Student: 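Let me give you the structure first, and then I'll get to my questions.
None of the values given here were measured: they were computed from a predicted structure.
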Amino acid sequence: MKPKIVIIGAGGHAKVICDAILAKSDFEIVGFVDSTIPVGTVIMNNFKVIIEQNELTNLKKHADFFIIGIGNNKIREELYNKLKSFLKPTSIIHPTAFIASNAIINSGTVCLANSIISANCTIGENTIINAGSIIDHESIIGNNVHISIGTLVGSNSIIGNNITTKIGQVYNSFSKAVKQTYY
């Protein structure tokens, strides 16, 4: 029997995460939780919204793990901190993602299709490594970060907590856009 997982959020990003979970087949999806979509609404592949967001503590009756499918860093961080007090976060790695054997991926993080995380990288908690992104060797990505689609992070770069990169941008250790803070 596979462990059960619930996806928090039911928009586009949550659907992409649902697809990644289905592609890997490590979990049984029990459904979605959303603050704006009514309970019972089918979101994707017959998976429905199972409870209202104001009833989050009831999730432990339905699921063993959670993952947050919300792109907004601030909202994702608030929900992650609330949920991890009573339910286990997990990471979701799409089967086409490449993760180096010595890279560290912390809980709550998603690595989506065709993303690459190279040797000696550390990825913080509750972070999104979106499709087609490359994180080169010995880089550190903070907590609650959104590495947008196609972003290239050069070797030895540090991207601090709560940063959202722009689609397709290049970041390196000399980039002014990189926040030089450790988490």
Student: Just so I know, are the side chains of L56 and N54 near enough to count as touching, which here means a heavy-atom distance under 4.5 Å?
Tutor: no

Student: Within the distance-only criterion (no hydrogens, no angle test), does the side chain of E138 pair as donor or acceptor with the backbone N or O of N156 below 3.5 angstrom?
Tutor: no

Student: Between V145 and I123, is there shared hydrophobic-cluster membership here, with clusters defined by ILVMFWY side-chain heavy atoms closer than 4.5 Å?
Tutor: yes

Student: Hey, mind stepping through F98 and C111 against side-chain contact (heavy atoms from CB on, under 4.5 Å) and telling me if it holds?
Tutor: CA-CA 9 Å; F98 172 79; C111 299; over 6 Å; no

Student: Pick one: which of L22, I67, I17, V6 meets side-chain contact (heavy atoms from CB on, under 4.5 Å) with I29?
Tutor: L22

Student: Hey, are Q169 and Y171 close enough side-chain-wise for a donor-acceptor pair under 3.5 Å?
Tutor: yes

Student: Atom NE2 of H62 and atom CD1 of I50: how far apart are they, to the nearest 0.5 Å?
Tutor: 5.0 Å

Student: First locate atom CD1 of I21, then atom NE2 of H94, and finally report the distance between them rounded to the nearest 0.5 Å.
Tutor: 11.0 Å

Student: Atom OG1 of T36 and atom CD of E52: how far apart are they, to the nearest 0.5 Å?
Tutor: 11.0 Å

Student: At their closest point, which heavy atom of L112 faces which heavy atom of S115, and how far apart are they?
Tutor: O-OG, 2.7 Å

Student: Where do S139 and G154 come nearest, in terms of heavy atoms and distance?
Tutor: OG-O, 2.9 Å

Student: Between S118 (side chain) and D136 (backbone), is there a donor-acceptor pair under 3.5 Å?
Tutor: no

Student: What heavy-atom pair brings I70 and I8 nearest, and what distance separates the two atoms?
Tutor: CG1-O, 3.7 Å

Student: Treating N114 as the side-chain partner and A131 as the backbone partner, does any N or O pair qualify as donor plus acceptor under 3.5 Å?
Tutor: no

Student: Rounded to the nearest 0.5 Å, what separates atom CD1 in I134 from atom OG in S155?
Tutor: 12.5 Å

Student: Ignoring hydrogens and geometry beyond distance, is a side-chain donor-acceptor pair present between N102 and N120 at under 3.5 Å?
Tutor: yes

Student: Run the numbers on L59 and L87 for side-chain contact (heavy atoms from CB on, under 4.5 Å), then give the verdict.
Tutor: CA-CA 8 Å; L59 282 176; L87 197 60; 4.0 Å; yes

Student: Any chance the side chains of T127 and N143 put a donor and an acceptor closer than 3.5 Å?
Tutor: no

Student: Testing the basics here: between N130 and H146, what is the closest heavy-atom pair and its distance to 0.1 Å?
Tutor: ND2-NE2, 3.1 Å

Student: Linking I/L/V/M/F/W/Y whenever any side-chain heavy atoms sit under 4.5 Å apart, do F32 and V30 land together?
Tutor: no

Student: Decide yes or no for I93 and I99: does some side-chain heavy atom of the first lie under 4.5 Å from some side-chain heavy atom of the second?
Tutor: yes

Student: Treating N126 as the side-chain partner and R76 as the backbone partner, does any N or O pair qualify as donor plus acceptor under 3.5 Å?
Tutor: yes

Student: Is there a path of hydrophobic side-chain contacts, each under 4.5 Å between heavy atoms of I, L, V, M, F, W or Y residues, that connects I159 with I128?
Tutor: no

Student: Can you name the closest pair of heavy atoms from S133 and G150 and give their distance?
Tutor: OG-N, 3.6 Å

Student: Strictly distance-based, threshold 3.5 Å: is any side-chain N or O of N144 a donor or acceptor partner for the main-chain N or O of N161?
Tutor: no

Student: Which value, rounded to the nearest 0.5 Å, describes the distance between S157 atom OG and H137 atom NE2?
Tutor: 9.5 Å

Student: Are L79 and I5 connected, step by step, through hydrophobic side chains (Ile, Leu, Val, Met, Phe, Trp, Tyr) whose heavy atoms are closer than 4.5 Å?
Tutor: no

Student: Output yes when a side-chain donor or acceptor of N45 lies under 3.5 Å from a complementary backbone atom of F47, and no otherwise.
Tutor: no

Student: Can you tell me if K84 has over 12 outside heavy atoms packed within less than 6.0 Å of its NZ?
Tutor: yes

Student: Between S107 (side chain) and E125 (backbone), is there a donor-acceptor pair under 3.5 Å?
Tutor: no

Student: Looking at every heavy atom in both P89 and G108, which two are closest together, and how far apart are they?
Tutor: CB-N, 4.3 Å

Student: To the closest 0.5 Å, what do you measure between CD1 (I147) and CD1 (I149)?
Tutor: 12.5 Å

Student: Show, in sequence, the C-alpha distance, side-chain angles and deciding distance for V110 and H13, and conclude whether the side-chain contact (heavy atoms from CB on, under 4.5 Å) test is met.
Tutor: CA-CA 11 Å; V110 296; H13 183 58; 4.2 Å; yes

Student: Quick one: do N162 and E77 satisfy side-chain contact (heavy atoms from CB on, under 4.5 Å)? Show the steps, please.
Tutor: CA-CA 8 Å; N162 303 305; E77 179 181 21; 3.3 Å; yes

Student: Does one hydrophobic cluster hold both I43 and I92, with members joined at side-chain heavy-atom distances below 4.5 Å?
Tutor: yes

Student: Answer whether the closest heavy-atom distance between the side chains of T122 and N106 falls below 4.5 Å.
Tutor: yes

Student: Are K2 and F27 in a cation-pi contact, defined as NZ or CZ under 6.0 Å from the six-membered ring centre and within 45° of the axis?
Tutor: no

